[in-house]
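To start, the structure itself, in structure tokens.
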Amino acid sequence: MAAGLLMLSTAASAQQSETYPSYITVTGNAEREVTPDEIYVGITVDESDSRSGKITVAEQERKMIAELKKLGIDTDKALQVGDMSGDLKRYVLRRDRVQTQKSYVLKVNDAATLGKVFQALGGIGISQMRLIKATRSDLEQIRMELRAEAMKNARQIAETLAGAIGQKAGKAFMISDNNYYGNGTIYFNEAMPVARSAKMEAMAADTSAPLEFQDMRINCSVNVRFILE
């Protein structure tokens, strides 16, 4: 069986060599730095977290929503109860006793808004906030554009290499997309609440120095075979 497979492989290679007797294989790359426009923040209100004594979770929730609306945030769309999976939401709705803690996920579109949220909620005694993730709403479109740029990059490399030996890079007869879906989203350590970051607190309190996120780097790569002419 092994001998048979080897013969088939050799025959296929020979057939390809006859069809394309001379070719070049290159890798094209493209990358882009973009600013996140979807930032997810975890918020927890706790009855014992109030600075002015015992205030119910329901009352803190009303105050929080009021503050978010003042900032122009559509809480019906941007605020959800529970974690990103919604498990906590189902759990909270099943409870038959007075809530002493409740969690939310808030989506904002930029770091400046995040700074305002942090400052506003801190002003009403809500300090348990943490960054969950940051990403782009048009991530797939960016990836498609980068794939096209990577192909052009591969063509340029092939033409340069072929020209060095007095030949030309002809048609492409094989393209391999090397991209994976790991990049394009920044995940934050849940053990680092926003409230414990002195730098973020200072920046949030100072409107002249708004919060900023480091740009995300998105990259794409393709392997291409071109006929040498």
Side-chain angles (χ1 to χ4, degrees), residues 1-42 77-78 80 83-86 105-114 131-190 192 210-229:
M1 183 180 293
L5 290 174
L6 179 61
M7 292 177 61
L8 288 173
S9 176
T10 304
S13 298
Q15 184 178 5
Q16 186 181 65
S17 297
E18 292 176 2
T19 306
Y20 306 110
S22 182
Y23 64 86
I24 182 173
T25 303
V26 298
T27 300
N29 296 285
E31 69 175 24
R32 186 181 304 177
E33 290 189 350
V34 295
T35 302
D37 65 357
E38 288 187 350
I39 303 167
Y40 293 85
V41 188
K77 295 181 180 179
Q80 73 176 51
D83 58 15
M84 295 298 291
S85 68
V105 174
L106 174 69
K107 182 178 75 173
V108 297
N109 300 116
D110 53 66
T113 302
L114 174 61
L131 299 175
I132 299 175
K133 70 174 184 177
T135 186
R136 287 280 301 196
S137 58
D138 57 348
L139 185 57
E140 288 307 313
Q141 178 61 34
I142 292 174
R143 282 177 172 149
M144 291 301 294
E145 293 172 359
L146 288 177
R147 284 185 174 94
E149 292 178 19
M151 282 296 300
K152 293 178 181 178
N153 177 246
R155 164 64 73 178
Q156 292 174 353
I157 294 173
E159 290 176 350
T160 298
L161 294 177
I165 57 174
Q167 293 184 273
K168 295 181 180 180
K171 294 181 179 180
F173 66 91
M174 189 201 76
I175 301 172
S176 178
D177 188 354
N178 299 332
N179 300 294
Y180 62 95
Y181 296 97
N183 60 356
T185 301
I186 301 173
Y187 293 94
F188 297 93
N189 185 352
E190 294 185 5
M192 297 177 62
L211 287 171
E212 294 182 358
F213 273 91
Q214 182 178 356
D215 288 347
M216 300 185 304
R217 181 172 296 177
I218 305 173
N219 54 70
C220 287
S221 172
V222 293
N223 286 341
V224 189
R225 285 185 179 179
F226 295 94
I227 302 171
L228 281 177
E229 299 175 343

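In this text the structure is predicted, and so the values were computed from the model without any measurement. Side chains included, hydrogens not; waters and symmetry mates left out as well; all remaining heavy atoms used.
Salt-bridge check for Glu140 with Arg143: passed, with a basic side-chain N closer than 4.0 Å to an acidic carboxylate O.
Of the possible donor and acceptor atoms, one in the side chain of Asn109 sits under 3.5 Å from a partner among the backbone N and O of Asp37. Counting only distance, with no hydrogens or angles, the side chain of Asn223 and the backbone of Ser176 share no donor-acceptor pair below 3.5 Å. Side chain of Arg136 to main chain of Thr35: a donor-acceptor pair is present (N/O by atom type, distance under 3.5 Å, no hydrogens or angles).
Residues Phe226 and Ala158 share a closest heavy-atom pair of CD1-CB, 3.5 Å. Pairing each heavy atom of Glu31 with each of Arg217, the nearest pair is OE1-CD, 3.5 Å. Looking at every heavy atom in both residues, Val26 comes nearest to Ala154 through CG2-O, 3.4 Å. The two atoms that bring Ala30 and Glu149 nearest to each other are CB-CB, 3.6 Å, heavy atoms only. The two residues Ala134 and Pro36 come nearest to each other via the heavy atoms CB-CB, 3.9 Å. Considering all non-hydrogen atoms of both residues, Ala172 and Val224 come closest at CB-CG1, 3.7 Å.
Note that CD of Glu38 is 12.0 Å distant from CG of Asp110, once rounded to the nearest 0.5 Å. Atoms CD1 and OG1, on Ile157 and Thr27 in that order, are 7.5 Å from each other to the nearest 0.5 Å. In this structure, CG on Asp215 lies 12.0 Å from CZ on Arg32, to the nearest 0.5 angstrom. Rounded to the nearest 0.5 angstrom, Ile218 CD1 and Thr135 OG1 are separated by 7.0 Å. Taking OH of Tyr23 as the start and CG of Leu228 as the end, the distance is 10.0 Å to the nearest 0.5 Å.
By the 4.5 Å heavy-atom criterion applied to side chains, Asn219 and Asn29 are not counted as neighbours. Residues Arg147 and Met144 form a side-chain contact, since some pair of their non-hydrogen atoms from C-beta on lies under 4.5 Å apart. Taking 4.5 Å as the limit, some side-chain heavy atom of Val41 sits within range of a side-chain heavy atom of Leu131. Asp138 is not listed as a side-chain neighbour of Val34, based on a closest heavy-atom distance of 4.5 Å or more.
Within 6.0 Å of the CE atom in Met174, the count of heavy atoms belonging to other residues, nucleotides or ligands exceeds 12.
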